[in-house]
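Along the sequence shown, residues carry numbers from 1. Model, not experiment: these values are computed from the prediction.
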Amino acid sequence: MSLRDGTFREAVDRRRALGTLALGGMAPVAALARQADGESRQPSSSRRVRSFVDFGALPDGATSVAALRSAINAAWLSALANGHDLYHPGGVYDIGDASFPWRQDAGVAGLLDCRNVTIFGNGPNSVFQTTSDDGADVFQLRAVRNLHFRNLCLKAVLNGDRGSGSNGVSVTGGYDNITLLDIWCEALPAVAKADHLDGGKALTIQCDRAADQTGFLKARMFARNCAFGFGLDANLATQARAKTAVDIDLVAEDCFAAVVVSALPSGVAVPSGTDIGLSIKVQSINCQKDLWLARAHGLTIDCRVITSKPAGDRRRGPSGEPWLAGEGRVEALVGAYVRNTRITLSGDKGECDHKLRIGSAAAGAAETYGTTSASEIVVDLAGTAAKGAIVLEDDHGPALTHSILVISAVTGDIPAALQSPAADNLIVHGAQAHLCNPTVAGVLTLSDGAGRGLAGEMRTTNGTIDLRRASSTARSTPDQLIATFSGDGGRVVAGIRVDGAPLSASILRNARPDGDIVAVRPEYGSDNQLVGYVPVYAGYKRAR
């Protein structure tokens with residue numbers, strides 16, 4: 001599955017096995033990449049289109065950086081003023097150490113209405129690029145709405161490692177009605193800090209201030225050799241009030257982590273139903289980590305893991321050095337204080353340290369601890385985990401509670417702590433199910449040993465528990481048994497016949513009373529009326 005050989009455009013053609021990145025009736029990615037300059041330039045016949053070249057923006061270094069910046073800025077202002085779309089004809093637009101101009105400056109009061117301007121090109125042939133010493137995001141969409149991008153490639157060059165890294169698309173200050181469809185990002189540079197990687201994300205959303213207006217964003221992107229495919233910085237204190245709808249369709253290859261979602265500890269109580277409004281579908285190919293979630297509430301993630309490289313190769317970035325010193329664990333899911341979240345994880349992780357590392361995190365001043373809870377995690381993941389397939393980390397409270405965990409047998413064993421009644425998890429492991437305090441409404445149906453025929457039923461009738469035989473499996477004659485109780489080895493020690501007569505292995509045969517009657521036991525008929533009493537003697541002797 002590697003894209004190491006050949007150009008990005010050739011790689012797209014080789015990736016036909018992945019299908020199309022598009023949804024619905026959109027064209028396959030390879031077809032988009034092969035569009036010639038004159039083909040399909042206009043996304044909508046009702047809108048006028050102008051090329052960046054019309055404003056003097058010549059690609060591939062044909063003009064100075066200053067002249068290129070001025071031309072692209074002029075094209076952008078014209079699009080905003082006149083409502084036309086902008087076409088990138090191909091080649092590289094490198095504007096140096098500045099982000100492209102589709103953004104607002106700091107200190108704005110609201111979102112800039114971009115009038116549904118679409119900026120589009122010919123896929124990997126149409127490159128927007130920055131080159132800087134300290135980091136420059138290619139697109140820094142700050143406080144904008146009604147803006148769309150199609151069929152473009154984003155790249156960045158970083159001369160040094162002392163400043164910040166460069167992201168492909170950085171969304172800050174708020175957004176609404178933003179689409180990024182068929183966007184290629186390759187080798188975006190990150191800078192390794194003491195405990196994290198700065199920059200290097202294909203798409204990052206950093207709208208975690210209380211004043212940020214968040215709405216709809218749709219992205220369909222491809223990231224290769226980037227530190228992260230997609231990243232989101234959330235604010236749990238304000239997210240419950242936000243009307244956020246983010247839909248991500250991502251292919252991430254040879255990245256440190258395909259998806260990272262995190263939030264800082266909250267200073268106020270976080271509502272139990274907090275949902276950050278994020279839905280992700282991701283194919284993670286040869287990444288060191290696939291899903292890295294910390295204080296993530298209210299996500300829906302479907303992740304397919306594809307592995308063809310050994311673990312050692314996945315720990316190293318494009319330079320051949322480790323992605324992040326001190327963080328060499330290869331793992332599919334890292335989840336700490338994850339709530340109200342649905343995760344489906346499938347595929348093959350190959351050689352790895354762990355498949356799942358689940359735990360708690362410091363929740364903040366208003367909460368005692370941050371347990372991963374109220375979530376549904378479904379995992380069917382092949383591979384060999386050298387340090388344990390499923391590992392719990394409970395340094396900030398219980399690791400996982402009040403959740404549904406469905407784990408295939410090939411994924412690995414379930415830690416005993418997850419099955420504790422106090423954890424209150426519903427666990428399905430292969431063909432085995434573990435339930436805590438189950439409630440059955442209706443009929444509990446029991447099948448025969450082969451799982452086909454009906455053997456019996458348990459139900460409630462008029463407030464009582466009713467256990468009945470299935471007439472389809474045996475005739476209900478008086479000597480048939482309704483229920484039996486067995487000891488070790490399956491030996492029946494007690495039972496109840498269809499005619500109501502009890503069975504008991506405690507009966508003493510060939511015995512006669514010895515002594516006085518010390519008690520009597522009442523016997524009731526099938527109509528629950530008293531029939532009489534059975535005497536209980538002080539002792540019995542064996543009959544001669």
Side-chain angles (χ1 to χ4, degrees), residues 37-38 41-43 47-108 110-160 163-173 175 178-180 183-186 188-189 199:
D37 274 2
R41 291 190 180 186
Q42 189 163 321
R47 293 183 64 90
R48 192 161 59 95
V49 176
R50 296 193 65 184
S51 171
F52 283 102
V53 176
D54 298 340
F55 298 87
L58 303 179
D60 302 322
T63 61
S64 67
V65 170
L68 182 61
R69 287 186 189 178
S70 178
I72 289 177
N73 191 60
W76 171 240
L77 293 177
S78 174
L80 290 181
N82 301 298
H84 62 74
D85 296 333
L86 290 170
Y87 171 65
H88 186 325
V92 178
Y93 285 147
D94 188 336
I95 61 170
D97 60 358
S99 300
F100 283 82
W102 14 95
R103 62 189 301 274
Q104 289 198 81
D105 293 329
V108 298
L111 302 182
L112 172 66
D113 187 351
C114 300
R115 302 181 63 181
N116 285 311
V117 167
T118 297
I119 300 174
F120 68 106
N122 294 319
N125 294 320
S126 300
V127 180
F128 288 106
Q129 179 172 305
T130 63
T131 299
S132 65
D133 295 332
D134 298 319
D137 296 342
V138 185
F139 291 175
Q140 192 178 81
L141 309 181
R142 186 180 190 280
V144 293
R145 64 187 176 98
N146 302 326
L147 181 58
H148 314 286
F149 301 88
R150 306 282 192 280
N151 308 328
L152 301 170
C153 180
L154 310 182
K155 294 184 179 180
V157 176
L158 184 62
N159 300 318
S164 301
S166 299
N167 299 303
V169 181
S170 176
V171 182
T172 64
Y175 61 87
I178 304 295
T179 59
L180 300 142
I183 308 297
W184 284 260
C185 298
E186 183 174 17
L188 295 169

Please step through side-chain contact (heavy atoms from CB on, under 4.5 Å) for the pair Arg48 and Asn82, ending with a clear verdict. CA-CA 9 Å; Arg48 192 161 59 95; Asn82 301 298; 4.0 Å; yes

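You'll find the side chain of Phe149 stays beyond 4.5 Å of the side chain of Val169, heavy atoms only. At a threshold of 4.5 Å between non-hydrogen side-chain atoms, the residues Leu58 and Val53 count as touching. In this structure, the side chains of Asn116 and Arg47 come closer than 4.5 Å at one or more pairs of heavy atoms. Between Trp102 and Cys114 there is no side-chain heavy-atom pair separated by less than 4.5 Å.
Between the side chain of Gln104 and the main chain of Gly110, a donor-acceptor pair closer than 3.5 Å is present. Side-chain N or O atoms of His88 include one that pairs as donor or acceptor with a backbone N or O of Val127 at under 3.5 Å. In this structure, Arg115 contributes its side chain and Leu80 its backbone to a donor-acceptor pair below 3.5 Å. Between the side chain of Arg69 and the backbone N or O of Ile95, at least one donor-acceptor pair lies under 3.5 Å. No side-chain donor-acceptor contact under 3.5 Å links Ser166 to the backbone of Ala156. Judged by distance alone, the side chain of Asp137 and the main-chain N or O of Asn167 form a donor-acceptor pair under 3.5 Å. With Asp85 contributing its side chain and Thr118 its backbone, the two residues share a donor-acceptor pair below 3.5 Å.
A pairwise comparison of heavy atoms in Asp94 and Val65 identifies O-CG2, 4.1 Å as the closest pair.
In this structure, CG in Leu154 is found 11.0 Å from OG in Ser126, a value given to the nearest 0.5 Å. Here the CD1-CZ distance, from Ile72 to Phe52, works out to 6.0 Å after rounding to the nearest 0.5 Å. Separation of atoms OG (Ser164) and CG (Asp134) is listed at 7.5 Å; rounding is to 0.5 Å. Atoms CZ and CD1, from Arg150 and Ile119 in turn, are 11.0 Å apart once rounded to the nearest 0.5 Å. Within the model, atoms CG of Asn73 and CG of Leu68 stand 11.0 Å from one another, a figure rounded to the nearest 0.5 Å. In this structure, Leu147 CG and Thr179 OG1 are separated by 7.5 Å, a value rounded to the nearest 0.5 Å.
For Asp133, there are no salt bridge (Lys or Arg N to Asp or Glu O under 4.0 Å) partners, not counting sequence neighbours. For Asp60, there are no salt bridge (Lys or Arg N to Asp or Glu O under 4.0 Å) partners, not counting sequence neighbours.
The ring of Tyr93 has its center no closer than 6.0 angstrom to the ring center of Phe100.
Residue Phe139 is tested with Trp76, Tyr175, Phe128 for a ring-ring contact (aromatic ring centres under 6.0 Å, His included); the sole match is Phe128.
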